[in-house]
Structure formats: C-alpha cells, structure tokens
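Here the structure comes first, spelled out in structure tokens, and everything after it is commentary.
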Amino acid sequence: MSSQTSIVRILEIGDHHFCADVYPERTTLLWTGWRPPFKRDQLVYQDCTPLRFLSAMRDVRAGKYDLVVAYAGLYSPWHPRNWLRAFAREPWKPIATLTRGFGVSWLRYSRIRVPFVVLDMNDASLIGRHNFFLLDKAPFVFKRELPADRWHAIVGSAHTYLPTVRIRRKRFWQERLQKIHPIALPIRRVNVDNLYEGDFPDKTADIFFSGEVEANSWARRSGIAELKSLAAHGINVDIADQRLPRAEFHCRMAKAWLAWSPAGMSWECFRTGEAAQCLTVPLVNYPTVERHMPLLDGEHAFYYGVEPGGLKRAVEIALADKGKLKRMAIAAREHVLTHHTPRAIVDHVIETVLTRGK
C-alpha cells in the first residue's frame, strides 16, 4: 500500500460500504440502499438525503475529500423495489427512505473536482440504462461479472437483444466500455485458528461441496449428479445435505483436497476464496467473465467445462498428484490473502485511480 493510499479521505455513496469497512476513520458513507447496511451497529453512516448530499458536495468542493466513490445500483432509483421497500422497512423515516435511493443519480448534476470512481459490485453482468451517465462521468469504472464480450453487458439496456454492428461501431459506446476495469469479489478473511493443527490440515475427503443446487446456477444442477457419480466410483465425496454453520462449513472444507465451487447467482463465488484460505484447492467451472488477479488454472485452482464428463475428468486429474495439490493450496491461500480481501480490493481501486488519474 502506498503512503498516499493510507491517507486518502473518501466520500462513499451507494448501497455498499467497502471503503467504510476498511478505512472507517477517513470515510464518510452516504447510504442509498433500501435497507440499513449490514453491520450497522459497528458502521457509521448517514442516509443520503438531499440536504446531506448537498452538504457532502460542498465539502468535496472545499477540498475535504480526496476521492469520491459511487456504487452503480442494480435497479433504477425510481424503481419501487428501492423507495417502496425502504419506506416499508423504516416508515418512521419517510424523507430518508423515499429519497436516499436517488443519491447516486444526483451526481449527474454535480461537478466533482476530485478523483471519481464508480464500482459495480452486483452479481448481474448487465449495466442498466440508469447507470449510463456514470460511464460518461466517471474516469474509472470497476465492475464485477464483466462479460468476456463486454457488449453483452448492455443487452436489454442499450439494445433489446445482443448489440448490433451499428451500436458496436459507435465511438461513444466503445469509449464507455473501454474505461471499465474488472474487479474481484472481495473475500473476507477466514479464521483458520481452530481448523487444523500444524502447517497443513489432515485430509479425510477428496472433494467437498455444500450449497444450494435446485434454485441456483445450472452449472450446479448439471454438476451435482456427476459429483454423486464420482462417489459411487470410489472418490471420497463429502456433500452436506443441509446448510452448515459457518465454522463447520470451513472445518469440513479444510479436510478435503478439493472444494467444488461452481458458479452461483454469478460466476464468482465466496466459496472459492474461502476454500483457498482453508488450504483446499477450488474446483471451478470455466469463467465467463473478465477477472481481476485470478486464481490460475493448475497453479491455484482447477477449472473444468460444464459439458458431461468435464467435472469427472478434472477431479481425476487433480487427485492424481496430492503433492501438487498441497503446493497449489498453499499458493492459492497466499494469492487470495494478497489480492482478494476487501482491503486489497479497496487499495487496488484507490491506487489505480490516484496513479492513472494523474
């Protein structure tokens, strides 16, 4: 972390609070989400009412902040899912609940004379029309689940279906998509103190999985049968039949050589980074998105195709060399702790904006 990163003062506006979590002492959080933020008992925040927004913009002009961070909302601010659900949840705060969801949209009319960055941390790979102005206003945009073909991010917004050649030739759309940077899903640290003794856990299973299947990614529906088939052919498979407490989930995962981590609601999954911290090698279906500092195939993780037999082949190849699996597990843990924690993600964003924005 650079010395400049360690002193930057941040104004954070939106329905996430990564900066406030990592640097609470020098971050002001204006909240726009329909429900109070998680960890609200420990988190200092203010509802993004019109008066507070105007006050914050005056502070920006007065030089009280070095960076403005805004989050791209999944739904437009006028969508009932925002203001109506907010009011239903906190009816005793009518002004705040009915207006705070518009907070990020007010940036459209504000002059921001300090570095400005937009983060899209949603599971959805799409960019809604209501966020197009952010692509124009912000010099830097970071997006999770950025499709390998970026044009797919504007399906249903810039074009009803897949954007045509006419749209792809437009310079302003090329410039909008060009400024987007992929960003990883921030993975919180796993407490491994009680998971195992010594430097490496004893392995009692070949592969572990715990997670929702039926109402989740199709990669899970198609893969679970293949995983059970492996168990019938001598592979030691540990599949949890119900949701596990967090501590037990990590403990059982640490005892397996591999953790099956197929896509969930998005391609990235918390399980992948948690498995790496438990010294278990993640087994993931091939990515469909651009990635930031990814776990590398054969070095930190194993990847497989979702076609029939892809998972089975990957498991058999991985388990053929336990020595390599141990080395990969150690490398994966180091990689995740270095690049994928919330602090690492926030520092990466700040450093990118401050250095490239000069």
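Since we're looking at a predicted model, the values are computed, not measured.
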Cluster check Val69, Val346: I/L/V/M/F/W/Y, side chain < 4.5 angstrom: yes
Donor-acceptor under 3.5 Å (Asn236 side chain, Thr204 main chain): yes
Main-chain N/O of Pro147 paired to Ser125 side chain as donor or acceptor, under 3.5 Å: no
Any Phe87 side-chain heavy atom under 4.5 Å of Trp34 side chain: no
Test item: His300 and Val281 side chains (from C-beta on) under 4.5 Å apart, heavy atoms: no
Trace of the salt bridge (charged side-chain N to carboxylate O under 4.0 Å, His left out) decision for Glu316 with Arg313: CA-CA 5 Å; Glu316 292 173 344; Arg313 286 192 298 271; over 6 Å; no
Phe133 with Val68, same ILVMFWY side-chain cluster at under 4.5 Å: yes
Arg291 NZ/CZ over Tyr303 ring centroid, <6.0 Å and within 45° of normal: yes
From CG (Leu134) to CG (Leu107), nearest 0.5 Å: 7.0 Å
Heavy-atom closest contact (Ala259 atom, Thr280 atom, distance): N-CG2, 3.4 Å
Pairwise side-chain contact, Ile183 with His181, heavy-atom cut-off 4.5 Å (strictly under): no
Min side-chain heavy-atom separation Leu227-Phe209 under 4.5 Å: yes
Pair Thr338-Glu334, side-chain donor/acceptor within less than 3.5 Å: yes
Pair Ile13-Thr32, side chain to side chain contact (heavy atoms under 4.5 Å, CB included): steps then yes or no: CA-CA 7 Å; Ile13 306 174; Thr32 68; 4.1 Å; yes
Salt bridge (charged side-chain N to carboxylate O under 4.0 Å, His left out) between Asp21 and Arg188, intermediate numbers included: CA-CA 11 Å; Asp21 281 348; Arg188 300 194 181 280; 3.2 Å; yes
Ring-face cation contact, Phe132 with Arg129, 6.0 Å cut, 45° max: no
For Arg252 against Ala240, the heavy-atom pair lying closest together: NH2-CA, 3.8 Å
Pair Glu25 + Arg9, salt bridge at N-O below 4.0 Å: no
Aromatic plane relationship, Trp106 with Phe53 - under 30° parallel, 30 to 60° tilted, over 60° perpendicular: perpendicular
Donor-acceptor contact below 3.5 Å, side chain His233 vs main chain Ser229: yes
Whether over 12 other heavy atoms sit under 6.0 Å from Tyr161 OH: no
Salt bridge (charged side-chain N to carboxylate O under 4.0 Å, His left out): pairs with one or both residues in residues 169-182, sequence neighbours excluded: Asp136-Arg176
Close side-chain approach of Leu295 and Pro282, heavy atoms under 4.5 Å: yes
Under 3.5 Å: donor-acceptor pair, side chain of Arg271, backbone of Ser210: yes
Euclidean distance, Glu145 CD relative to Asn122 CG, rounded to 0.5 Å: 10.0 Å
Thr28/Lys64 under side chain to side chain donor-acceptor pair (under 3.5 Å): CA gap, chis, key distance, verdict: CA-CA 11 Å; Thr28 298; Lys64 294 183 179 181; over 6 Å; no
Expected output: side-chain His130 to main-chain Gly73 donor-acceptor under 3.5 Å: yes
Test item: Asp347 side-chain N/O and Val349 main-chain N/O as donor-acceptor pair under 3.5 Å: no
Cluster overlap Ile180 with Trp151, hydrophobic side-chain contacts below 4.5 Å: yes
Single-linkage hydrophobic cluster, 4.5 Å side-chain cutoff, Ile350 and Met121 together: yes
Backbone of Gly156 reached by a side-chain donor or acceptor of Thr160 within 3.5 Å: no
Carboxylate-amine/guanidinium proximity below 4.0 Å for Asp123 and Arg144: yes
Non-hydrogen side-chain atoms of Met57 and Leu54 separated by less than 4.5 Å: no
Arg333/Glu274 under salt bridge (charged side-chain N to carboxylate O under 4.0 Å, His left out): CA gap, chis, key distance, verdict: CA-CA 9 Å; Arg333 181 183 179 189; Glu274 292 176 342; over 6 Å; no
Residues Arg221 and Glu214 bridged, charged N to O under 4.0 Å: yes
Leu67 and Val353, any side-chain heavy atoms less than 4.5 Å apart: yes
Thr27 to Cys19 - nearest heavy-atom pair and separation: OG1-O, 3.4 Å
Side-chain donor or acceptor of Glu351 paired with backbone N/O of Arg356 under 3.5 Å: no
Any side-chain donor near an acceptor of the partner, Lys137 and Ser110, under 3.5 Å: no
Enclosure of Glu307 CD (heavy-atom neighbours >12, cutoff 6.0 Å): yes
Pair Tyr304-Trp260, side-chain donor/acceptor within less than 3.5 Å: yes
Atom pair CG/CG of Leu74 and Asp120 - distance to nearest 0.5 Å: 8.0 Å
Stepwise ring-ring contact (aromatic ring centres under 6.0 Å, His included) check, Phe208 with Phe249: CA-CA 10 Å; Phe208 168 78; Phe249 172 77; 5.7 Å; yes
Full working for salt bridge (charged side-chain N to carboxylate O under 4.0 Å, His left out) between Lys255 and Asp206: CA-CA 8 Å; Lys255 293 179 180 179; Asp206 290 321; over 6 Å; no
Residue pair Glu12, Tyr45: steps toward the side chain to side chain donor-acceptor pair (under 3.5 Å) verdict: CA-CA 10 Å; Glu12 188 173 31; Tyr45 74 98; over 6 Å; no
Beyond-backbone contact of Arg220 with Pro262, side-chain heavy atoms, under 4.5 angstrom: yes
Test item: Asn191 side-chain N/O and Asp193 main-chain N/O as donor-acceptor pair under 3.5 Å: yes
Mutual orientation of the aromatic rings belonging to His79 and Tyr75 [parallel < 30°, tilted 30-60°, perpendicular > 60°]: tilted
ILVMFWY cluster, Trp267 and Val306 together (side-chain gap under 4.5 Å): no
Inter-residue atom distance Thr97.OG1 - Arg35.CZ, 0.5 Å rounding: 15.5 Å
Crowding at CD1, Ile95 (>12 non-hydrogen neighbours, <6.0 Å): no
Side-chain (Asn82) to main-chain (Ser76) donor-acceptor, under 3.5 angstrom: yes
By ring-ring contact (aromatic ring centres under 6.0 Å, His included) - contacts of His340 (at least two apart): His335
ring-ring contact (aromatic ring centres under 6.0 Å, His included) between Trp31 and His17, intermediate numbers included: CA-CA 8 Å; Trp31 185 251; His17 44 85; 5.8 Å; yes
